[in-house]
Amino acid sequence: MKEQFTYYSPIGPLCIESEDDMISAVHFCEKELTSEHFNPDLREKVTEQLDDYFDGYRFEFDLPIKPQGTEFQEKVWEELTHIPYGHLTSYSEMAKILGDKNLVRAVGGANSKNPIAIIIPCHRVVGANKKLVGYAGGLWRKKWLLQHELANKPDDSTLWA
């Protein structure tokens, strides 16, 4: 049974959805969503980790997630979770990591369908020319997230993963 609640972030409301006590979706939304039966322990854990992230103290999420997509999409989303906090990579680099430099458009397509924003950090992927391109939540949010992470990075390593 799908459960949902709204988390109020500094860049707008996030609708959090769960299924079988696992996060299945996080997306920017306009209206408040609340289910009476959302697992209170999971809700508390999600809220705490997102609060810590937006406060600049959390660099990795430790939440049970269950994104649903094609086998290729799930492979891309898994790879996104390996991009360190405060670092960037490009769609072409992602394609190379996945074994075929010609998969750039497919990687971009999978990235755009990421069902779990922020927790699966698709905002850390930019164009080959280091330009901000494509973000379902809007480019201004992508820019905000990247600036937030850069300002709170726990080390002095370079921006590129």
Side-chain angles (χ1 to χ4, degrees), residues 1-69 73-91 94 107-108 110-126 130-161:
M1 178 168 163
K2 246 185 200 176
E3 302 296 337
Q4 51 199 15
F5 78 96
T6 303
Y7 172 86
Y8 294 94
S9 82
I11 53 176
L14 289 168
C15 292
I16 315 289
E17 297 177 17
S18 74
E19 200 168 338
D20 302 323
D21 293 330
M22 298 185 80
I23 302 302
S24 58
V26 174
H27 54 90
F28 294 96
C29 57
E30 298 300 316
K31 63 180 183 175
E32 184 172 330
L33 300 173
T34 304
S35 295
E36 294 176 14
H37 306 292
F38 199 98
N39 176 322
D41 294 333
L42 181 58
R43 182 182 179 136
E44 182 179 337
K45 191 172 182 178
V46 170
T47 299
E48 180 181 296
Q49 290 193 24
L50 284 170
D51 284 348
D52 288 350
Y53 172 83
F54 285 111
D55 289 342
Y57 301 115
R58 176 162 293 276
F59 310 118
E60 292 180 12
F61 290 95
D62 179 24
L63 295 167
I65 61 172
K66 184 180 179 181
Q68 296 181 330
Q73 287 170 334
E74 291 178 7
K75 194 173 178 182
V76 171
W77 301 334
E78 172 63 28
E79 199 55 48
L80 291 171
T81 66
H82 300 295
I83 304 169
Y85 179 98
H87 289 80
L88 301 176
T89 193
S90 67
Y91 295 100
M94 290 282 298
V107 167
N111 214 43
S112 72
K113 289 182 174 53
N114 173 16
I116 305 178
I118 301 172
I119 295 167
I120 297 178
C122 59
H123 60 277
R124 297 178 187 155
V125 183
V126 297
K130 300 183 185 178
K131 284 199 175 212
L132 297 187
V133 293
Y135 189 64
L139 285 181
W140 73 270
R141 284 188 175 111
K142 184 173 188 165
K143 182 178 181 180
W144 190 98
L145 290 166
L146 293 173
Q147 288 175 334
H148 170 72
E149 289 187 9
L150 186 57
N152 293 294
K153 257 176 52 157
D155 60 36
D156 291 331
S157 61
T158 63
L159 190 61
W160 282 87

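Annotation: side chain of M94 is in contact with side chain of V76 (closest heavy-atom distance under 4.5 Å). The side-chain heavy atoms of S18 and L42, taken from C-beta on, include a pair separated by under 4.5 Å. By the 4.5 Å heavy-atom criterion applied to side chains, D62 and K45 are counted as neighbours. Contact of the L132 side chain with the L146 side chain is registered, since non-hydrogen atoms from C-beta on lie closer than 4.5 Å. Inter-residue side-chain proximity for V125 and V107 is flagged as unmet; no heavy-atom pair is nearer than 4.5 Å.
Between I11 and W140, the shortest heavy-atom distance links the atoms O-CH2, 3.6 Å. S24 approaches P115 most closely through the heavy-atom pair O-CB, 3.9 Å. Taking all atoms of both residues into account, the shortest heavy-atom contact from P121 to L80 is CG-O, 3.3 Å. When every heavy atom of F61 is checked against every heavy atom of L50, the shortest pair comes out as CE2-CD2, 3.9 Å. The minimum heavy-atom distance linking Y91 with G134 is given by the pair OH-O, 3.8 Å. Nearest heavy-atom pair, A136 versus S112, reported as atom, atom and distance to 0.1 Å: CB-O, 4.4 Å.
Using modelled atom types, one side-chain atom of N114 and one backbone atom of I120 make a donor-acceptor pair closer than 3.5 Å. For T81 (side chain) and E78 (main-chain N/O), a donor-acceptor pair under 3.5 Å exists by modelled atom type. In this structure a side-chain-to-backbone donor-acceptor pair under 3.5 Å is missing from W77 to Q68. Side-chain atoms of E74 come within 3.5 Å of backbone atoms of G69 as a donor-acceptor pair (strictly under, hydrogens ignored).
With sequence neighbours left out, E149 forms a salt bridge (Lys or Arg N to Asp or Glu O under 4.0 Å) with R124. Evaluation of the salt bridge (Lys or Arg N to Asp or Glu O under 4.0 Å) rule for K66 yields D20 as partners, not counting sequence neighbours.
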Exercise for review: Evaluate the criterion side-chain contact (heavy atoms from CB on, under 4.5 Å) for residue pair N152 and F54; output intermediate values, then yes/no.
Suggested key: CA-CA 10 Å; N152 293 294; F54 285 111; over 6 Å; no
Point to revise | side chain to side chain donor-acceptor pair (under 3.5 Å) evaluation trace for Y7 with D51 | key: CA-CA 9 Å; Y7 172 86; D51 284 348; 2.7 Å; yes
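Taking CE of M22 as the start and CD1 of I116 as the end, the distance is 8.5 Å to the nearest 0.5 Å. For the atom pair L63 CG and I23 CD1, the distance stands at 6.0 Å (nearest 0.5 Å). Considering CD1 of I16 and OG1 of T47, their distance stands at 7.5 Å, rounded to 0.5 Å. Atoms CD and CG, from Q49 and D52 in turn, are 7.5 Å apart once rounded to the nearest 0.5 Å. Interatomic distance, NZ of K113 versus SG of C122, reported as 12.5 Å (0.5 Å rounding). Rounding to the nearest 0.5 angstrom, the gap separating the OG atom in S90 from the NZ atom in K131 is 15.0 Å.
Taking the six-membered ring for Trp and thresholds of 30 and 60 degrees, H123 and Y135 have ring planes more than 60 degrees apart, a perpendicular arrangement. Between Y53 and Y85, the angle of the ring planes goes over 60°, which puts this pair in the perpendicular group of the 30/60° scheme.
Residue pairs meeting the salt bridge (Lys or Arg N to Asp or Glu O under 4.0 Å) criterion with at least one partner in residues 134-146, sequence neighbours excluded, are absent.
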